[in-house]
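Note that the structure is predicted; figures quoted are calculated from it, not measured. Computed from heavy atoms alone, side chains included, the values below leave out hydrogens, waters and symmetry copies.
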Amino acid sequence: MASVGFMPDGRVGEIFLNAAHRDQFMDHLIRDIGVLISYCLQSGCDFERLREGMTRDAHGSAQGIAGAALDALAGFLAEASADGATR
């Protein structure tokens with residue numbers, strides 16, 4: 001599961017991630033990745049630059065949890081923008 005928080009100017013400011021089964025190793029790993037991404041974004045790291053830095057295969061598909069989460073968020077933001085959604 002994932003949720004996102006925005007800065008007052010509309011930029012993504014935090015992402016909350018967790019696995020389906022709480023209090024297991026994978027859940028802790030996924031939650032920690034969300035915290036690290038959030039700290040990066042709150043420290044001024046550009047969302048697209050962060051996303052582009054994730055490990056990808058030859059076709060550009062994310063190979064890890066962080067890249068997959070950032071890609072999903074980018075897709076959500078693009079869809080919301082196309083639908084005219086406001087934050």
Side-chain angles (χ1 to χ4, degrees):
M1 300 213 36
S3 59
V4 62
F6 296 92
M7 303 288 244
D9 66 3
R11 290 179 297 125
V12 175
E14 54 194 355
I15 183 170
F16 302 97
L17 304 172
N18 64 290
H21 300 286
R22 307 256 319 146
D23 296 325
Q24 294 184 359
F25 175 77
M26 190 59 74
D27 180 54
H28 299 165
L29 178 64
I30 291 170
R31 287 172 53 201
D32 287 351
I33 288 169
V35 170
L36 292 172
I37 290 171
S38 295
Y39 285 163
C40 288
L41 294 170
Q42 291 166 10
S43 296
C45 185
D46 178 72
F47 177 81
E48 283 302 322
R49 184 165 187 210
L50 184 61
R51 186 173 162 230
E52 290 168 3
M54 299 295 108
T55 303
R56 298 186 176 278
D57 67 13
H59 303 287
S61 297
Q63 296 298 289
I65 296 165
L70 291 167
D71 286 356
L73 180 55
F76 169 78
L77 294 172
E79 189 176 304
S81 178
D83 290 342
T86 58
R87 293 182 204 82

Donor-acceptor list for residues 37-46 side chains, cut-off 3.5 Å, not counting sequence neighbours:
unit_1	atom_1	unit_2	atom_2	d
Ser38	OG	Ile15	N	2.9
Ser38	OG	Ile15	O	3.2
Ser38	OG	Gly34	O	2.9
Gln42	NE2	Gly13	O	3.1
Ser43	OG	Tyr39	O	2.8
Asp46	OD2	Glu48	N	3.2
Asp46	OD2	Arg49	N	2.9

**OP:** Would you please name every residue forming a side-chain hydrogen bond (donor to acceptor under 3.5 Å, both in side chains) with Asn18, sequence neighbours left out?
**Re:** none
Original post:
What are the two closest heavy atoms between Ala68 and Ala62, and how far apart are they?
Top reply: N-CB, 3.4 Å
Subject >> Leu73 side, atom CG; Phe47 side, atom CZ - distance, nearest 0.5 Å >> reply: 4.0 Å
Original post:
Restricting to pairs with a member in residues 13-22, which pass salt bridge (charged side-chain N to carboxylate O under 4.0 Å, His left out), not counting sequence neighbours?
Top reply: none
Original post:
Taking only residues two or more places apart in sequence, or in another chain, which ones meet Leu29 in a side chain to side chain contact (heavy atoms under 4.5 Å, CB included)?
Top reply: Phe25, Met26, Ile33, Ile65
Subject >> With Gln63 via side chain to side chain contact (heavy atoms under 4.5 Å, CB included) - residues at least two apart >> reply: Thr55, Asp57, Ser61
**OP:** Could you pull out all residues at least two apart from Asp27 that satisfy salt bridge (Lys or Arg N to Asp or Glu O under 4.0 Å)?
**Re:** Arg31
Original post:
In the hydrophobic clustering (ILVMFWY, side-chain contacts below 4.5 Å, transitive), which residues join Phe16, or is it alone?
Top reply: none
Original post:
Should Met54 and Phe76 be regarded as members of a common hydrophobic cluster, given that ILVMFWY residues are connected when their side-chain heavy atoms come within less than 4.5 Å of each other, either directly or indirectly?
Top reply: yes
